[in-house]
Structure formats: structure tokens, C-alpha cells
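One structure is given here, and the rest of the page talks about it.
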Amino acid sequence: MTASAASLLAFFLVALVLLAWPVGKFLAALCNERLPRWMQRIEAPLYKLAGVQPGESMHWLAYAFALLAFNAVGAIFLYALQRLQGLLPLNPAAMGAVSSDSAFNSAVSFVSNTNWQGYGGESTMSYLTQMLGFTVQNFFSAATGIAVAFVLIRGFARRGDGKSNGLVGNFWADLTRITLWLLVPLSFVLALFFVGQGVIQNFDGYKTVNTVEATAFQQPKNGADGQALKDDKGAPVMEDATTKTQTLAMGPVASQEAIKMIGTNGGGFFNANSAHPYENPTALSNLLQMIAIFLIPAALCFAFGRVVGDRRQGWAVLAAMTAMFVVAVMVLMPAEQAGNPLLASLGVDQVSSALQSGGNMEGKEVRFGIDASALFAAITTAASCGAVNAMHDSFTPLGGMVPMVLIQLGEVVFGGVGSGLYGMLIFAMLAVFIAGLMIGRTPEYLGKKIEVREMKLISIAILVTPVLVLAGTAVAVMAGAGKAGIANPGAHGFSEILYALSSAANNNGSAFAGLSANTPFYNGLLGLAMWLGRFAVIVPVLAIAGSLAAKQRLPVTGGTLPTHGPLFVSLLMGTVLLVGLLNYVPALALGPVVEHLVLWK
Amino acid sequence: MDLVWIGALLALWAVVAAMAAGLDRLNAPKNGGGGRP
């Protein structure tokens, strides 16, 4: 790892902690439902309008049904918006209706906080769909994740003295407060900053500009019927063409960009996502985007410690996340810096110098270079964001494996907003269970006994995503429609499918980009993985929270396993790596590991 | 085709709703803490 890369990582982590601390304090107040009176006055008319009693705490099942109903309505609304966009306003590029399978995929994708994009934003979606559909869901899906984390934290914090009887909070109040007082203000400030850096925010039509020089390219040749011609082998017939103009896509980008990062959503306004200069124009905007991705996941750790009454618990979870993240970055950056041995054998200079980033620059923006691209890739996959400023498909085999592994760990290394913390707390309970087995004591975490019911629910929550990823990958590599989407044959093609299923089921949303996934087969399969990967995990987590909230909180004794020290942090990391990663080792061996061995033989 | 894909959305919703109802009955403790209020 170069000195500049280490400096960038260190600066990023220090800035993150400094910014996350005050946000964590505010999140704790939100979780404890202790808001200033002026905020309550502003909220009151909204609750009155909706007929909601914000102080009325819900049983976990009622909370789950409210959450599921809200998200189902959101998905259907988003589906309808895409199908009807051709008839609706704010559509200067005259985009037609999105195909039904793509609309299904994108609706599930944005509701589940995945933001997998089978479509190209600037060539498919109207401004209204981007704003009223995707941006709104960016807020609501993020708020949903944070609300679930709040519920689990409350489950630990409740005394179980009979007053709460398993009640976990009010979903409608949580959703309103998180959106109104956390996500909207943060996004507003960040959007203004992005505009200052050069991110566009307008409703203009697309602009046609003259290029400096003519560009020669090949394009599919169309027949008299307007359809692409194909040769005897079924391959499209290409023809030479030149152009002296370029179309520049416009749109309200900054407002979508801010929540895309703050909410760990990741869905770009443009197809190139944060590699596009209108989404991420400068090194400073790139740094802020990276910090924004980790801000709420890190702040939630501090909030967790405050609400359960022991700040060391929050630090312990944050330490485990940070240690795993740093190790991942220390593998990823040198892998990309090492470059491609095949190019080295041709005499290509890949050494880092004052004149070039060096290393493997394929698929990376020159304005970010190796360090900022590799760090961004680690951050966006450690958190379940999925925004990209470089093409992961073009990373070296080891460099591409690191983002894939970070996703496959279950998005608990910081993870998505809310989902990262509740995922990590699930692993923490599993860790104390394993420790309990080793020392022969009933496991307990934060004074709550972890018993048969909780362990069954924990097992379900942990096993849902590996089943979706591995079974989905198996189906895709066996089905003709699945194999048809592969751009590169062999191990890399397998990695493309494995990455897609891992990204969908773990609600990351980034893509290896080599897979042609906008087909009815992949839109359906990945939609299924995204929905179940999100809500079939949330439901058992809510059930665990309800169960914990009803339990009495036991006092700390001499026999209690300390869960705030280095020993527990190590145990937690070991559990995440063993349980989270071992499921995928055989699949990884068939993909990136084989590719690495072939490349460096 | 719209009916097919909207039907798929509703079916996915029904799966997780049924899962929630099923988990509510999973090893519910006798004091009712994990079960219905």
C-alpha cells in the first residue's frame, strides 16, 4: 500500500468518526423518541392528517405488517410510474414506458434499498420517474432500514419490566421522524455542496454540442423494417459511422445524488453512476461521497451505545466493522496497484509516479486514480450502497473479489443504513451464543438471554441471503437465459453472475457491469433475490426485537461475558468471517480465485 | 404483462407477510412475550 493510499484511508476514517459522533447523538434521541418540542409541533399535523398516534407503541408483528404494507404500496406506485411515464410531465427527452419486467425489477430494487439498475438512467427514465419515484424511495427505503435498527436497539434497551410487554415503537412515527429530521436535512446540505462542486440540478432538455474532433465508431445496421440486421450466425451486422456532435444528458441530479449516498442507496441518475462527471465531478466531491456513505452506519453504532446505556458497546461494534474494512482496503488497493502482469510482459509502464497513477487503470477515472477508486469500491460494497466511481468488472481478480466478499459477508461491515447495524447485532448474538457453548453458560447479550426462539430466528436471518445467492447463481449458470447474459466466458463470466446475485440478495446494488441483466430472466430472478434478501431478513430481525423487548434485562455479574473489549471484538469478527464467508468459499474458488491463478501463473 | 408482474409483486409481499405470521408462532414463550399481545 502506497503512502498516499494510507494517508487517504487514515484521513477518511478520522473525518468519518468526527462527523458521525454528533449524528449518533441525534440518532439516539430519535431512537429514544425524545425530540425537542418545536419538532413535535411540526410533526403533529402530519400525524393528525394520517390518523396516527405517534406515542402508541406497536407489537413487533403490527410493526412488521405496517412496514411491509408501506413498502408494497411503494413498489406498486413505482411500477405504475415507470409504466406511465410517457403520459406524464417532466419528460423532455420523451422517454416511453419502461418495459414491464424492467419496471418490476427497478420497483423492487429501489424499495428494497438495493438500487440495482438494469436500465441506463439517462436513456430510460423521465425526470418525474427519477424524482418522484426513485428519489422518494431512496428516502423511504433508507428510513425503513434505520427504523428496523431502532427497533432492535429498543429490544435490547427495554427493561422487560412488564410495562412494554414486547412493544417496539411506532413504525409511522419512526418513518416520519427519520425522514423529516435526519435524511432530508442531511441530503439538503449535501446536495447544495454537490451543486457547488459542479453536479448539475436542472430540468433542461438534453443538449447537443459539437465535439472538438469527429469520432468514428461502429453501430448496428438496421434493415428496412427498422430492426437490427443479423448475420448467419445471429450476430448483429455492424456498419461504420462518424459523428461530430454529442448529446449531453441533463436533469435534477444533485438532489438525487445526496440521498443516494446518505441513504446507502447507490442508484445513479446516469448509467455511469459516480464515474460520471455530472454526478461526481471533483476529488473533493468524491471524498464527501465516500464519507456520506459511511456516515449513518457509523453514527448508528454510537447511537446504539448511547441507547443501551453503555457507549463501549457501540465502540466495540464500530471497532469490529472498522478492522474488517481496513483489512479489505489493504488487500484491494495493492491488488489494483500491482496492475496486470500480461501488460507488464508487453513492456507497459504500470509503476506509480508523478505522471500517472500506475497499476490497473482499466475502468477507472483518471481524475480519481487507483487510490480513490479502490477506496470507493471498498466503501460502497462494505456499506450496501452500490454506487460506483469505477467499473468493478475491470478490477484485477483479487481486487474484484474483495468487493464481492464484502457484499457476501452480509453487508455488516458498516453495511446499509440500519441494515448494517442490525445485521452486525445478529452476528453479535450468534457470537455470544458460540461463546456460551464454549464455556457452558446460557448466552446473554446486553443483559438479555439468547434462547431457543432467538437462535432459530437468528439462523433464519443469517441463512436467507446465502440461500438466495447460491441457489440463484446455480439457476442462472444452468439456464440458457442466464448464460446468455455473460460478457466474458470462463471464470470471469461465473464471477459476473455470482456478483450480481450477491449484490441483489444482500441489497448492495453495484454490478460487475459485464453481465447483460436487463432481460426478463434476470429482472425476475434478481427482483426475487432483492425482495426476499431485504424483507425476509427484516421480518425475523423484528421478531427477535419483539422477543428481546419482552425479556427482563439481567444485571451484569462476574460470569457475564464482557461484550465491549478486544476479546469480544475478535470473537465477533471471527463469527462474521466464519459464518458469513465460509458459505461462499467454493463459489469464490470457481470465480475470482481461478481467474487470479490463471492470470499470475 | 402488467398483471403478471404486479401479481409477482403481490406474491412476494404475501410470502413475507406469511413468514411474519408464522414466526410469531415460533416457540412463543409461555409469558406471551414473543407472541401476540
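The analysis underlying the following values was restricted to heavy atoms, covering all of them including side chains, and did not include hydrogens, waters or symmetry mates. Reminder, nothing fancy here: chain letters follow the sequence lines and each chain counts from 1.
Within the 4.5 angstrom heavy-atom criterion, atoms from both the backbone and the side chain of A/Phe535 approach chain B. If you measure heavy-atom distances from A/Asp101 to chain B, the contacts under 4.5 Å come from both the backbone and the side chain. For B/Val15, the part lying near chain A is the side chain, with the backbone staying farther off; criterion is any non-hydrogen pair under 4.5 Å.
Considering only heavy atoms from C-beta on, B/Leu23 comes within 4.5 Å of A/Ile460 through its side chain. Residues A/Ser99 and B/Met1 form no side-chain contact, since every pair of their non-hydrogen atoms from C-beta on lies 4.5 Å or further apart.
Looking at A/Arg83, its side chain never comes within 3.5 Å of a backbone N or O of B/Asp2 through a donor-acceptor pair. At distances below 3.5 Å, not a single donor-acceptor pair connects side-chain atoms of B/Trp5 with backbone N or O atoms of A/Ala103.
When each of A/Leu457, A/Leu528, A/Asn523, A/Leu542 is scored by its heavy-atom pairs under 4.5 Å with chain B, the top score falls to A/Leu457. Contact tally against chain B (heavy-atom pairs below 4.5 Å) for A/Leu68, A/Val539, A/Leu548: the top residue is A/Leu68.
In terms of heavy-atom proximity, A/Trp531 sits nearest to B/Leu12 at NE1-O, 3.1 Å. Nearest heavy-atom pair, B/Met19 versus A/Ala536, reported as atom, atom and distance to 0.1 Å: CE-O, 3.1 Å. Of all non-hydrogen atoms in B/Trp13 and A/Ala72, the two that sit nearest each other are CD1-CB, 3.2 Å.
Interatomic distance, B/Leu9 CG to A/Phe104 CZ, rounded to the nearest 0.5 Å: 5.0 Å.
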- Message: Under the criterion side chain to side chain contact (heavy atoms under 4.5 Å, CB included), I'd like the reasoning laid out for B/Asp24 against A/Trp60: C-alpha separation, chi angles, the key distance, then a yes or no.
- Response: CA-CA 9 Å; B/Asp24 190 43; A/Trp60 82 263; 3.4 Å; yes

- Query: side chain to side chain contact (heavy atoms under 4.5 Å, CB included) between B/Val16 and A/Arg534: does it pass, once the steps are laid out?
  - Reply: CA-CA 10 Å; B/Val16 285; A/Arg534 174 73 163 178; over 6 Å; no

